[in-house]
Amino acid sequence: MSDRYEAQNIEQKWQQKWASANIDAASDDPSDTRPNYYCLVMFPYPSGNLHMGHVRNYCLGDAVARYKRMKGFNVLHPIGWDAFGLPAENAAVKHHRPPAEWTYANIDQMREQLKRLGLSYDWSRESATCRPEYYRWEQWMFTRLMEKGLAYQAEAEVNWCDPCHTVLANEQVVDGVCWRCDTPVVRKNLKQWFIRITDYAEELLTGLDTLTGWPEKVVGMQRNWIGKSSGAEVSFGIEGSDETLDIFTTRPDTLMGVTYMAVAAGHPLAQKAAEDNPELATFLEECSKVSTKEADIALMEKKGMPLGIHAVHPVSGEKIPVWVANFVLMSYGTGAVMSVPAHDERDYDFARKYDLPIKQVIRPAEGDWDIETAAYTDAGVLIHSLEFDGLASSDAKQAITSWLSEHGRGSERVQYRLRDWLVSRQRYWGTPIPVVHCKDCGEVAVPDDQLPVELPTHLQPTGGASPLNECDEFRYTNCPECGKAAERELDTFDTFMESSWYMNRYTSPRNEEVMVDAEAMNRWAPVDQYIGGVEHAVLHLLYARFYHKLMRDAGLFTSEKGGDEPFKNLLTQGMVLKDGTKMSKSKGNTVDPKAIIERFGADTARLFTLFAAPPEKELEWNDAGVEGAYRFLKRVWRLLDRKIENGVKDSGDISALRRAIHSTIQRVSHAFEHGFAFNVVIAALMELTNSLQAFAIADEQDEAAYREGLEALITMLAPFVPHFACEAGERVGMDRMAVEQSWPEVDASALVSHEVTLVVQVQGKKRGEITIARDADQDAAMAAAQADAGISKWLDGMQTVKVILVPGRLLNIVVKPA
RNA sequence: GCGAGAGUGGCGGAAUUGGUAGACGCGCUGGUUUUAGGUACCAGUAUCCAUGAUGUGGGGGUUCGAGUCCCCCCUCUCGCACCA
C-alpha cells in the first residue's frame with residue numbers, strides 16, 4: 001500500500017468494489033423495512049460531453065443520496081437520458097450519420113464519464129427516452145388524452161422558428177426569440193396538436209401552495225406564468241348588427257366610464273372592417289409585422305385607428321366608437337377591451353393621443369383627483385354611474401356584474417394567461433404522434449395493441465423538413481378503424497413530453513404491462529428531493545406537474561399513493577461560471593471535467609464543486625481552489641497513520657476535541673436536513689481536520705479520542721468524497737466501507753463543557769474574555785471580570801448602571817461616570 | 001415600469017433567537033525542507049494617525065448591544081413586461 005494519496009488507483013478500486021457489491025440499487029423488496037427516499041437529479045441530454053454544470057448537479061444529488069443511505073434509508077437514485085431532440089438531427093446533418101447512431105454513441109461516452117465520477121446511481125434502472133419501450137407509454141397516454149378530449153388538433157396562430165424548422169410552445173419563446181437558437185419567432189396559422197393544460201390551470205395554481213419545499217422564486221414564476229385574473233365578461237352590442245362585442249375586464253366597476261372600445265388587429269371585427277378600407281388594411285398589416293417581438297416592445301408607441309363602427313353600452317345604451325389598437329393582444333381574453341381612459345394608464349395615453357373623451361367614474365375614497373393630469377387607477381367610490389353611485393369599487397364590481405348577468409349582458413369570469421400546450425413538432429428525432437389520418441374516419445388514435453408506433457431509426461436528416469415526410473413505409477398505412485389506406489401523422493412530440501414523466505417511470509422502469517406500476521409509485525413517489533437548474537422553472541417543472549396530474553387522473557395511481565405533485569422538495573442549483581460568465585465553447589472559457597478528474601481525481605472535483613459556493617448560487621470556477629480541495633484531502637491523508645507519538649508529554653484537551661467532534665456532527669447533520677449548505681459543511685469538516693491535526697497524542701486516552709474524531713471525519717466525508725473515504729476507512733481499519741457506515745450520532749454529553757469563555761463588553765464594546773464555570777451566575781461573572789486587569793481598567797472610576805449576562809456567550813457592563 | 005432577492009477583506013464566502021464580524025478556502029507575506037523550480041509543511045494576513053480607534057453599499061432610528069430589526073436613498077442580479 002502506497003503512503004501517498006493516489007486518487008486514480010483508489011477511485012478505480014472502490015468503483016469496482018461498489019459495483020460488485022451492488023450497494024447502490026434501490027430495493028423493491030416489500031419486506032425491506034427501511035424507509036424509502038427518492039432523490040432525483042435532472043437527467044441529461046446526451047450531447048456527448050459532460051460539462052461542469054452536470055458535475056455540480058450530480059455531485060449535489062449524490063451527496064444527498066449517500067447521506068440518506070447512511071441514515072438508513074432505502075434510496076432510489078436513478079439516472080437516464082433525455083435522448084430525443086434537435087441537436088441529434090443537427091449533428092446528423094453535419095456528420096452524415098443517423099441521429100440514433102450519434103445519440104447512442106454519446107450515451108455510451110457520457111455513461112463512462114458519469115461512472116468515473118463515482119456517482120451512486122442505480123444503473124439497473126437506466127433508461128433512454130428514445131427507446132420504444134419508453135415512448136410507447138407516452139403514446140399510450142396521448143391516446144387516453146384524445147379519448148378524454150384533453151388532446152386535440154386545432155388551427156391556431158402559433159410560434160414558428162425557421163432555423164429549427166418547427167413550431168414552439170409559448171413557454172419555449174423567451175423574449176420573442178426561440179429558447180434554443182435565439183432567433184425571433186414568426187407567428188403563423190397552422191393546424192397543430194395541443195394538450196389542454198388550461199383545464200388544469202386552477203389545480204396547477206392552488207397546488208403551488210402545497211410546494212413548501214420549493215424555492216419561492218420558482219413558485220412565483222409559475223404563479224405568474226399561469227396568470228390568473230378575476231373579473232367579468234361583458235357583452236357590448238354592435239350598432240346595426242345582431243352580433244356582440246365581448247370583452248374581459250378586471251374592472252367592471254369602471255364600466256360606466258367606457259368611452260371607446262379597442263380590438264386587436266387580428267380581431268374579426270377589425271378584419272371585416274378592413275375589407276373595404278385599404279388604409280385600415282395597411283395598418284393591420286403593420287401591426288401583424290410588429291408582433292415579431294423586440295426587446296423594447298413595451299416602449300412601443302401606442303397606435304390605433306377607428307373602425308367606423310360603434311358598440312352599444314350594455315347599461316346606458318350609449319354609442320361607443322370601436323377602434324383597433326396595436327397594444328391589444330388577440331391571444332389574451334377575447335382580443336378586445338373596453339377602454340376606460342380615466343382609470344387605466346394605457347387607455348389614458350391612447351385617449352390623449354387621439355383626443356377621445358375621458359369620463360371619470362371613480363373618485364378616491366378620500367381627497368381629490370385631477371383627471372386632467374393622470375388616470376386614477378386605484379379603487380375608490382363610484383360617481384357618474386347611475387344607480388351604482390356611491391358604491392365602493394369592490395362592491396360595485398359585484399353589483400355591476402350581477403346586473404349584467406340578470407340582463408344577459410355579461411357574467412363573472414376568471415381568465416388565465418396560461419394557454420394550451422402545443423406538443424407537435426415538425427421534427428424527425430422525436431416520439432411519433434400515435435395518430436392516423438383517414439379520409440373517412442378523420443384523426444384516429446392508434447389502438448393500444450398497435451403501440452408503439454416506432455420511429456424508423458435509419459433515416460438521414462438533410463437539414464430541411466423532417467425525413468419522415470419522405471419515408472413511405474412509415475407514412476402510408478391503413479386506418480385502424482375502417483382498414484382503408486390512410487396516412488400517419490408525421491409530426492413528433494415536443495421533447496418536454498418525455499421529460500414530463502420520467503421521474504415516475506423510474507419507479508418501475510422495466511414494466512411492460514403499464515406506464516407506471518401503482519405499487520412502485522406508492523413506494524417511491526413523489527420525488528423527495530429534486531435537483532436541477534433554475535432555467536426549467538416554467539418549462540419542464542410546469543409540464544411535469546401537469547403530466548403527473550394527467551397520470552393520476554388516468555388512474556395510474558392515486559393522490560394518496562403517488563401524490564398530487566411530482567416533486568416534494570426542489571433545489572435549484574446555480575450556474576458554473578468562468579471569468580464571471582457562463583462557460584461556453586464560443587467564449588473559449590470551458591473547463592473540461594475530464595481534465596480535472598485526470599489530474600486530481602473525481603473526489604477533488606466533487607469536493608471543490610460542493611465547497612466553492614452555496615448550491616443555489618453561481619459557482620465561479622477557480623483552478624487554485626481546486627488545488628486547495630486536493631490539498632485538503634492530502635492533509636486528511638496524513639492524519640490517518642497518527643498514533644501515540646514519541647516525545648509528546650502533554651496530552652491534548654480530550655473534552656475540547658470531543659466537543660469539536662460532536663458539534664461538527666451536529667452542524668453537518670443539520671445542513672443535510674435543512675438547506676444543503678455543503679460549502680459550510682465542508683468548511684466544518686476542514687475545521688475538524690485542523691483540530692485533529694493540532695491534537696497531541698500522548699497516551700491511550702488521547703489515542704481513543706483522536707480515533708473517534710478520525711472515524712467521524714471519514715464517515716462524514718463519505719457523501720462528498722466516497723472513494724477517498726472508503727480508502728481512508730480501510731487504512732484505519734474501520735469495520736465497514738465508509739459509504740456503508742451509519743451516519744454518526746451526536747453525543748450530547750460531549751457538547752457540554754463545565755467551563756465557558758464569556759466575552760466581556762463595557763458599553764457594548766468588547767474589552768476582554770473571561771473563563772468561568774458554565775453555570776456561574778451574574779455575580780460570579782462580574783467578580784471574574786473585575787479581577788481581569790484588562791477589563792477592570794474600563795470600570796475604574798465608573799458606576800455600574802446595568803449588567804447583561806447572556807449565559808455561555810457574553811457579559812455586557814453598562815457604566816456611567818461616578 | 002412592476003415584482004423578488006442581494007450588497008461583508010485582494011477573491012469565493014461564514015456568522016440559531018439581535019450577543020466575539022470576517023469561520024473555511026483561495027491569494028498574498030515571511031520561514032522550514034529541497035541542488036533549484038514546483039510540491040509539502042510552519043507562522044502571519046480587515047483598515048488606520050495603533051496602550052487605541054474605525055469597520056458589513058450610504059444616511060437616519062430602535063437597543064445595554066445591530067451585518068441581523070425599522071425608515072429613506074444608492075447599486076447590482078434575477079424574474080415579468082402593453083394580460084385589459
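Throughout, a chain's letter reflects where its sequence line sits, starting with A, and its residues are numbered from 1.
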* Keeping to residues at least two apart or across chains, list the side chain to side chain donor-acceptor pair (under 3.5 Å) pairs with something in residues 327-337 of chain A. => A:S229-A:Y332
* Structure fact -> Parsed dot-bracket for RNA chain B after applying the Watson-Crick and G-U rules with both distances under 3.5 Å and | for other-strand partners is (((((((..(((......[....)))((((((.......))))))(((...)))..(((((..]....))))))))))))....
* To do: Could you note down all residue pairs passing side chain to side chain donor-acceptor pair (under 3.5 Å) where residues 793-814 of chain A supplies at least one of them, sequence neighbours left out?
  => none
* Structure fact -> Testing B:rG52, B:rA84, B:rU20 for proximity to the side chain of A:K793, the answer is B:rG52
* A:F611, nearest nucleotide to its side chain (from B:rG19, B:rG12, B:rA84) -> B:rG12
* Asked: Just checking A:Q415: base, sugar-phosphate only, or nothing, at a heavy-atom cut-off of under 4.0 Å?
  -> nothing
* Nearest of B:rU17, B:rG25, B:rC64 to any side-chain atom of A:N690? -> B:rG25
Listed pairs, N/O of protein and of nucleotides 53-56 of chain B, under 3.5 Å:
{"residue": "B:rA53", "atom": "OP1", "partner": "A:R767", "partner atom": "NH2", "Å": "3.2"}
{"residue": "B:rA53", "atom": "OP2", "partner": "A:R767", "partner atom": "NH1", "Å": "3.1"}

* Structure fact -> Taken in chain and number order and not counting sequence neighbours, the residues that satisfy side chain to side chain contact (heavy atoms under 4.5 Å, CB included) with A:W214 are A:L211, A:V218, A:V219, A:Q222, A:L541, A:R545, A:F567, A:L570
Under 3.5 Å between N/O atoms: give me all the protein pairs with nucleotides 27-32 of chain B, atom names plus distance.
{"residue": "B:rG27", "atom": "OP2", "partner": "A:R631", "partner atom": "NH2", "Å": "3.3"}

* Asked: What is the distance from atom CG of A:D347 to atom CD1 of A:I358, rounded to the nearest 0.5 Å?
  -> 10.0 Å
* Below 4.0 angstrom from OP1 or OP2 of B:rA84, is there any side-chain N or O of A:S229? -> yes
* **B:rU20 versus B:rU56 - spacing of their P atoms, nearest Å** => 16 Å
* Between B:rG38 and B:rU29, how far apart are the P atoms? Round to whole Å, please. => 11 Å
* Asked: Is A:V814 touching bases, backbone alone, or none of the nucleic acid, heavy atoms closer than 4.0 Å?
  -> sugar-phosphate
* If you check the A:K302 side chain, which of B:rC26, B:rA84, B:rC82 turns out closest? -> B:rC82
* Is it true that the side chains of A:R417 and A:N224 contain a donor and an acceptor less than 3.5 Å apart? -> no
* **Interface with RNA chain B, restricted to residues 679-688 of chain A and to heavy atoms under 4.0 Å** => A:N679, A:V680, A:A683, A:M686, A:E687
* NA contact type, A:R635, heavy-atom cut-off 4.0 Å: base, sugar-phosphate, or nothing? -> sugar-phosphate
* Nearest whole angstrom, please: distance from the C1' of B:rC64 to the CG of A:N812. => 5 Å
* Asked: Does A:D603 reach the main-chain N or O of A:F724 with its side chain, forming a donor-acceptor pair under 3.5 Å?
  -> yes
* Asked: Should A:K228 and A:E202 count as an ion pair when the cut-off is N to O under 4.0 Å?
  -> yes
* Roughly how far apart, to the nearest Å, are B:rA15 and B:rA50 at atom P? -> 35 Å
* Tell me: CD1 of A:I770 to C1' of B:rU20, nearest whole Å? -> 13 Å
* Measure from CG on A:L329 to C1' on B:rC83 and round the result to the nearest Å. => 6 Å
* Asked: Distance between the P atoms of B:rG25 and B:rC72, in whole angstroms?
  -> 41 Å
* Sticking with atom P, work out how far B:rG7 lies from B:rU51, rounded to a whole angstrom. => 34 Å
* **Pairwise 5' ranking along RNA chain B for A:K634 and A:A677, keeping only the more 5' one** => A:A677
* **Nearest-0.5 Å distance that lies between atom CD in A:E618 and atom CZ in A:R56** => 8.5 Å
* Carboxylate-amine/guanidinium contact A:D209 A:R223, below 4.0 Å -> yes
* On a whole-Å scale, what distance lies between the P atoms belonging to B:rG67 and B:rU17? -> 15 Å
* Could you work out the separation of B:rA14 and B:rA6 based on their P atoms and round it to a whole Å? => 12 Å
* To do: Classify the nucleic acid contact of A:Q693 as base, sugar-phosphate or nothing, counting any heavy atom under 4.0 Å across all strands shown.
  => sugar-phosphate
* Spacing of A:L610 atom CG relative to B:rC26 atom P, expressed in whole Å -> 17 Å
* To do: Provide the closest heavy-atom pair for A:V340 versus A:G257 in the form atom of the first, atom of the second, distance.
  => CG1-O, 3.6 Å
* Asked: B:rG10: syn or anti, with syn meaning chi within 90° of zero?
  -> anti
* Asked: How is A:V328 classified with respect to the nucleic acid when contacts are heavy atoms under 4.0 Å: base, sugar-phosphate, or nothing?
  -> base
* **Nearest-Å distance for atom pair NZ/P, residues A:K766 and B:rG52** => 13 Å
* To do: Please identify each residue that fulfils side chain to side chain contact (heavy atoms under 4.5 Å, CB included) with A:A696, with sequence neighbours left out.
  => A:V648
* Structure fact -> Sorted by number, residues from residues 248-260 of chain A placing a heavy atom under 4.0 Å from RNA chain B are A:F248, A:T249, A:T250
* Nearest whole angstrom, please: distance from the C1' of B:rG25 to the NZ of A:K617. => 15 Å
* **side chain to side chain donor-acceptor pair (under 3.5 Å) contacts touching residues 253-262 of chain A (sequence neighbours left out)** => A:R251-A:D253, A:D253-A:S393
* Contact check, side chains of A:I596 and A:Y630, non-hydrogen atoms, under 4.5 Å -> no
* To do: Name the nucleic acid region contacted by A:G220, choosing base, sugar-phosphate or nothing; use a 4.0 angstrom heavy-atom cut-off, strictly under.
  => nothing
* To do: Rounded to the nearest angstrom, tell me the gap between atom CD in A:Q222 and atom C1' in B:rG3.
  => 17 Å
* Between A:F672 and A:F678, is a ring-ring contact (aromatic ring centres under 6.0 Å, His included) present by the stated rule, with each step listed? -> CA-CA 8 Å; A:F672 268 110; A:F678 296 135; 5.1 Å; yes
* Roughly how far, to the nearest 0.5 Å, is CG of A:L713 from CG of A:L685? -> 6.0 Å
Listed pairs, N/O of protein and of nucleotides 77-80 of chain B, under 3.5 Å:
{"residue": "B:rC78", "atom": "O2'", "partner": "A:K217", "partner atom": "NZ", "Å": "3.1"}

* Structure fact -> salt bridge (Lys or Arg N to Asp or Glu O under 4.0 Å) pairs touching residues 665-683 of chain A, sequence neighbours excluded, are A:K68-A:E673, A:R667-A:E687
* Can you tell me the distance, in whole Å, between the CG atom of A:N622 and the P atom of B:rC26? => 10 Å
* Asked: How about A:F350 and A:F327: are their ring centres within less than 6.0 Å of each other?
  -> yes
* Using the C1' atom as the reference point in each nucleotide, state the distance between B:rU63 and B:rC70 in Å, no decimals. => 12 Å
* Structure fact -> Whichever of A:K802 and A:D347 has the more 5' nearest nucleotide on RNA chain B, that residue is A:K802
